[in-house]
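Everything below concerns the one structure shown next.
Numbering of ligands and ligand atoms starts at 1, following listing order. Sequence positions, counted from 1, serve as the residue numbers for this chain.
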Amino acid sequence: MLVTPEYNGGYPGVLKNALDHVFAEWVDKAVGFVSYGVNGGARAVAQLRGVCSTLGMADVGYQVTISVLTDFEHDATFVPGDRNTDALHKTLDQVIAWTTALAPLRATAETTLVNS
Ligand SMILES: Cc1cc2nc3c(=O)[nH]c(=O)nc-3n(C[C@H](O)[C@H](O)[C@H](O)COP(=O)(O)O)c2cc1C
């Protein structure tokens with residue numbers, strides 16, 4: 001799972017740097033997203049989907065978007081509503097299912113690496 005804030009319609013450069021730096025470790029793994037911001041951060045996730053796809057990841061369709069305006073009490077305490085918990089369960093379920101399905105591919109890649 002990747003968690004990101006949204007700044008000016010995008011995700012932070014440090015996250016891109018981390019994704020680029022780790023590089024090979026992402027291949028054939030599933031990824032889900034949690035974003036937050038005044039508008040929930042959906043645009044940051046839209047950008048991340050393309051990058052994760054290029055890195056060989058399978059991005060699941062469900063995502064969690066948290067509004068810093070409406071999902072926090074007194075601007076401090078996160079109070080997840082049904083919308084948040086439902087989205088989280090669906091996202092995690094799909095990440096687990098897809099990463100399990102991709103396990104044989106990762107095993108093949110490891111074998112290839114060891115034998116090369
Ligand atoms: C300069 C600036 C630009 C922002 N742009 C967005 C935005 O495009 N979309 C959004 O949902 N929230 C936006 N926000 C709100 C941030 O996502 C929010 O403050 C969030 O808590 C920042 O996360 P962080 O404190 O973990 O860095 C912006 C905040 C700032 C200060």
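Near Gly9, meaning under 4.0 Å from one of its heavy atoms, ligand 1 places the atoms 7 (C), 8 (O). The ligand atoms of ligand 1 that sit less than 4.0 angstrom from a heavy atom of Arg43 are 7 (C), 8 (O), 9 (N). Set against the non-hydrogen atoms of Asn39, the atoms of ligand 1 under 4.0 Å away are 10 (C), 11 (O). Within the listing of ligand 1, atoms 11 (O) sit less than 4.0 angstrom from a heavy atom of Gly41. For ligand 1, the atoms lying closer than 4.0 Å to a non-hydrogen atom of Gly40 are 11 (O).
Ion pairing between a basic and an acidic side chain is recognised when a charged N comes within 4.0 Å of a carboxylate O; Asp59 and Arg49 show such pairing.
The heavy-atom pair separating Arg83 from Thr65 by the smallest distance is NH1-O, 3.1 Å. Across all their heavy atoms, Lys29 and Thr99 have their closest contact at CA-OG1, 4.5 Å.
Scanning the protein for heavy atoms near atom 18 (C) of ligand 1, the closest one is Gly37 CA, 4.3 Å. Protein heavy atom closest to atom 5 (N) of ligand 1, with residue, atom name and distance, is Asn8 N, 2.8 Å. Protein heavy atom closest to atom 25 (O) of ligand 1, with residue, atom name and distance, is Tyr7 OH, 3.7 Å. Protein heavy atom in closest approach to atom 26 (O) of ligand 1: Tyr36 OH, 2.5 Å. Protein heavy atom closest to atom 17 (O) of ligand 1, with residue, atom name and distance, is Glu6 O, 2.7 Å.
Put simply, the side chain of Leu19 reaches to within 4.5 Å of the side chain of Trp26, judged on heavy atoms.
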For the pair Phe78 and Asp71, evaluate side-chain contact (heavy atoms from CB on, under 4.5 Å) and give the outcome as yes or no after the intermediate values. CA-CA 6 Å; Phe78 180 46; Asp71 293 327; 4.0 Å; yes
Derivation of the side-chain contact (heavy atoms from CB on, under 4.5 Å) call for Val51 and Lys16: CA-CA 8 Å; Val51 172; Lys16 180 64 163 58; 4.2 Å; yes
Mind running side-chain contact (heavy atoms from CB on, under 4.5 Å) on Val3 and Tyr36 for me, showing each step along the way? CA-CA 8 Å; Val3 181; Tyr36 60 96; 4.1 Å; yes
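For atom 8 (O) of ligand 1, the nearest protein heavy atom is under 4.0 Å away.
Other residues, nucleotides and ligands place no more than 12 heavy atoms under 6.0 Å from the CG atom of Asp82.
Between Val38 and ligand 1, a contact under 3.5 Å exists for at least one N or O pair.
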